[in-house]
Amino acid sequence: MEYDVVIGLEVHSELKTNSKVFCSCKNEFGGEPNTHCCPVCIGLPGALPIPNKEAVKMTIKAGLAVGSKINDIAIFERKNYFYPDLAKAYQISQAVRPICVGGGVEIEDANGQKKFIRLNRIHLEEDAGKLIHNPKIGGTMIDYNRGGVPLIEIVSEADMSSAEEAVAYLAKLRNILQYIEVSDCKMEQGSLRCDVNISLKPKGSSVLGVRAEMKNLNSFRSVTRAIEYEIKRQSRLLDEGEEVVQETKRCDDAINRSFSQRRKEDAQDYRYFPDPDLLPFRIERSLVEEVKKTMPKLREEKIRDYVDNLGLSEYDASVLTNDLNLVKYFDKVISYFNKPKFVCNFILTTLLKKVKEEDEADLVVPISAENFANLLSMYESGQISQAICRELFDEIWETNEDCKKLVEERGLKQNNNEDEIKVMVEALINEFPQSVADYKAGNTKALSFFIGQLMKRTQGKANAQIASKLIKDILDK
Ligand SMILES: [Zn+2]
């Protein structure tokens, strides 16, 4: 039987405030276990929470960026459940009155058509601590450093119908959150992670099927796998006339399977109720206006800026703006070396390839913008050859050593002397008559062969363009 797939996502994103959401402990990834803690965030009796205004502002900012309505009054509630990394046995969250409601983002579906994914809400809550399972001691340790870190939960409507759409939606959200600088969005460190709700229904049916929830996915790949696995599992059950039970699952990437963690409770099972320690709070319009003023350019505006003012192509600008870290790096590089198109080309061809090779989920360029600008400037002005430029690029990627100094010390300057290159070219032509014959027979590879030989003999220092022109001049005669 054929089924429609119905997918909704709950995306959790840690906010990068200086302190935690209800106390003044440091909000920082890592650190010695249990050193960023106080009576409030480990839930000692009598400790009282105080909301972090910066976290509220960042939540509003996220809401404004995706077109949500900002509620006038918001309420913090207790979501009751026991879990070892949640010392209070409840999480402070929001249910009936979140800070933001509605809104949405646009993605492209499989046919390249625009599709609008509606948001239900964005609410502010606290993160839990972290359990570290240690087989050596045969037990589990708890680190409460993460407990109380501000977290926004962005809840979508069930508007997606494939793994590709879910990933496109997640990528879009990540991009927006990164641009408005409310979160690091480091998926590997867990500052962006998501739960996927998925159900199947007979094709065309309007009745929703029973859903399963896959928890804590922290890479695009794990989202794709989890959805594909779940589609197979649920369609097999439905084909065989069996029942799909509502449940929460943990995914095991390593063996590509999912395990039932618990039978899923509904909202009422958490027994939400207003936190008596925290009064409902009014969000003044003036605060919303204040936040609006801090809204930076989002990706679409940045693309327009690059196309209209720097002369980049639509495609290049779109690849470049995919990651805010790259945008910042690029902007810095062109402040030292103002040839945007040249810099962009090198980034898109050589630099991004390198990033992919390193398989980093979070884009980091280890070469300082100034050093990189110097390298490209030497290449563009013909002081060093393309071959040397690539070699140096690989090297300073590891060391970030001053590339100008390296060129000076090792005598890597390109040889642009036409007379000298001509002597070498003529020698090669005499030495390899077979390649001359190949060239004359129309085999273009012969030209590359000569250039290759020349580079070998000059350690990459000969100007390839001059050499190529000379070879053609001589052989085409
Ligand atoms: Zn604390």
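Just so it is clear, the structure is predicted and the values come from calculations on it, not from any experiment. The figures that follow rest on heavy atoms only: side chains count, while hydrogens, waters and symmetry mates do not. Positions are given from 1 along the sequence.
Using a 4.5 Å heavy-atom cutoff, the side chains of Leu326 and Ile347 are in contact. Between Val244 and Ser199 the shortest side-chain heavy-atom distance does not fall below 4.5 Å. Within the 4.5 Å cutoff, side-chain heavy atoms of Asn322 are placed close to those of Arg299. Within the 4.5 Å cutoff, no side-chain heavy atoms of Glu165 are placed close to those of Tyr169. Ile198 has its side chain out of reach of Arg211: every pair of non-hydrogen atoms, C-beta onward, lies at least 4.5 Å apart. Within the 4.5 Å cutoff, the side chain of Phe220 has heavy atoms near those of the Arg174 side chain. Using a 4.5 Å cut-off on side-chain heavy atoms (C-beta onward), Leu310 and Asp305 make no contact.
No side-chain donor-acceptor contact under 3.5 Å links Asn145 to the backbone of Glu28. A donor-acceptor pair is defined here as one N or O able to donate and one able to accept, closer than 3.5 Å; such a pair exists between the side chain of Asn52 and the backbone of Ser19. Judged by distance alone, the side chain of Tyr81 and the main-chain N or O of Asp269 form no donor-acceptor pair under 3.5 Å. Formation of a donor-acceptor pair under 3.5 Å by the Asp72 side chain with backbone atoms of Arg285 is not found in this model. Between the side chain of Thr349 and the backbone N or O of Asn345 there is at least one donor-acceptor pair closer than 3.5 Å. Although no hydrogens or angles enter the test, the distance criterion places a donor-acceptor pair under 3.5 Å between the side chain of Asp4 and the main chain of Gly204.
Side chains of Ser381 and Gln383: a donor on one and an acceptor on the other come within 3.5 Å. Asn216 and Arg193 share a side-chain donor-acceptor pair at under 3.5 Å. Looking at Asn27 and Asn18, their side chains never bring a donor and an acceptor atom within 3.5 Å of each other.
In the displayed structure, Gln465 atom CD is contacted under 6.0 Å by at most 12 heavy atoms of other residues, nucleotides or ligands. When the shell of 6.0 Å around CD1 of Ile50 is examined, it contains 12 or fewer heavy atoms from other residues, nucleotides or ligands. Heavy-atom neighbours of Lys172 NZ from other residues, nucleotides or ligands within 6.0 Å: above the threshold of 12. Within 6.0 Å of OH in Tyr315 there are 12 or fewer heavy atoms belonging to other residues, nucleotides or ligands. Within 6.0 Å of atom NZ in Lys332, 12 or fewer heavy atoms from other residues, nucleotides or ligands are found, so the atom counts as exposed in its surroundings.
Taking the six-membered ring for Trp, Phe337 and Phe372 have ring centres at least 6.0 Å apart.
With Lys302 as the partner, the side chain to side chain contact (heavy atoms under 4.5 Å, CB included) test is satisfied by one option alone out of Leu320, Leu324, Asp331: Asp331.
Taking OG of Ser156 as the reference point, atom CD1 of Ile7 lies at 9.5 Å (rounded to 0.5 Å).
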Handout entry: Leu287 vs Lys53, side-chain contact (heavy atoms from CB on, under 4.5 Å): CA-CA, chis, key distance, verdict
Key = CA-CA 10 Å; Leu287 182 70; Lys53 190 173 180 185; 3.9 Å; yes
Exercise for the section: Decide yes or no on side-chain contact (heavy atoms from CB on, under 4.5 Å) for Glu14 and Arg146, but give the supporting numbers first. Expected result: CA-CA 10 Å; Glu14 280 178 356; Arg146 201 178 66 179; 3.3 Å; yes
Handout entry: Test side-chain contact (heavy atoms from CB on, under 4.5 Å) applied to Glu230 and Met214, step by step
Key = CA-CA 9 Å; Glu230 212 34 46; Met214 327 284 285; 3.8 Å; yes
Practice task
Starting from the C-alpha separation in whole Å, work towards a yes-or-no answer on side-chain contact (heavy atoms from CB on, under 4.5 Å) for Thr294 and Lys57.
Solution key: CA-CA 10 Å; Thr294 66; Lys57 280 161 86 174; over 6 Å; no
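Minimum interatomic distance between Cys25 and Cys37 (heavy atoms only, all atoms of both residues): SG-C, 3.5 Å. A pairwise comparison of heavy atoms in Asp85 and Ile142 identifies CA-CG2, 4.3 Å as the closest pair. Minimum heavy-atom separation, Val210 to Val245: CG1-C, 3.8 Å. Nearest heavy-atom pair across Ile396 and Cys403 is CD1-CB, 4.2 Å.
The ring pair (Phe, Tyr, Trp, His ring centres under 6.0 Å) contacts involving residues 28-80 comprise Phe22-Phe76, Phe76-Phe281, where partners must be two or more places apart or lie in separate chains.
For Tyr379, the ring-ring contact (aromatic ring centres under 6.0 Å, His included) partners at least two apart in sequence or on another chain are Phe342. With sequence neighbours excluded, the residues that form a side-chain contact (heavy atoms from CB on, under 4.5 Å) with Lys16 are Glu181, Asp184. A search for side-chain contact (heavy atoms from CB on, under 4.5 Å) contacts involving Asn134 returns Lys136, Ile137, Met141, not counting sequence neighbours.
Between Lys405 and Glu408 there is no salt bridge, since no side-chain nitrogen of the basic residue lies less than 4.0 Å from a carboxylate oxygen of the acidic one. At a threshold of 4.0 Å, the pair Asp127-Lys20 does not count as salt-bridged, since none of the basic side-chain nitrogens sits closer than that to a carboxylate oxygen. Under a 4.0 Å N-O distance rule, the pair Arg304/Glu314 qualifies as a salt bridge. Ionic pairing of Asp143 and Lys130 is not present here: no N-O contact between side-chain nitrogen and carboxylate oxygen is shorter than 4.0 angstrom.
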Listed pairs under 3.5 Å, donor-acceptor, residues 100-109 side chains, sequence neighbours left out:
| from | atom 1 | to | atom 2 | distance (Å) |
| --- | --- | --- | --- | --- |
| Asp109 | OD1 | Asn111 | N | 2.9 |
| Asp109 | OD1 | Gly112 | N | 3.2 |
| Asp109 | OD1 | Gln113 | N | 2.9 |

Considering only distance and modelled atom types, tabulate donor-acceptor pairs under 3.5 Å from the side chains of residues 119-126, sequence neighbours left out.
| from | atom 1 | to | atom 2 | distance (Å) |
| --- | --- | --- | --- | --- |
| Asn120 | ND2 | Glu157 | OE2 | 3.3 |
| Arg121 | NH1 | Gln94 | O | 3.1 |
| Arg121 | NH1 | His123 | ND1 | 2.8 |
| Arg121 | NH2 | Ala95 | O | 2.4 |
| His123 | NE2 | Glu125 | OE1 | 3.0 |
| His123 | NE2 | Glu153 | OE1 | 3.4 |
| Glu125 | OE1 | Ser93 | OG | 2.8 |
| Glu125 | OE2 | Gln91 | NE2 | 3.4 |
| Glu126 | OE1 | Lys88 | NZ | 3.2 |
| Glu126 | OE2 | Lys88 | NZ | 2.7 |
| Glu126 | OE2 | Ile92 | N | 2.8 |

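A cation-pi contact, defined as under 6.0 Å to the ring centre and within 45° of the axis, is absent between Arg78 and Phe273. Judged by the 6.0 Å and 45° rule, Lys79 forms a cation-pi pair with Tyr270.
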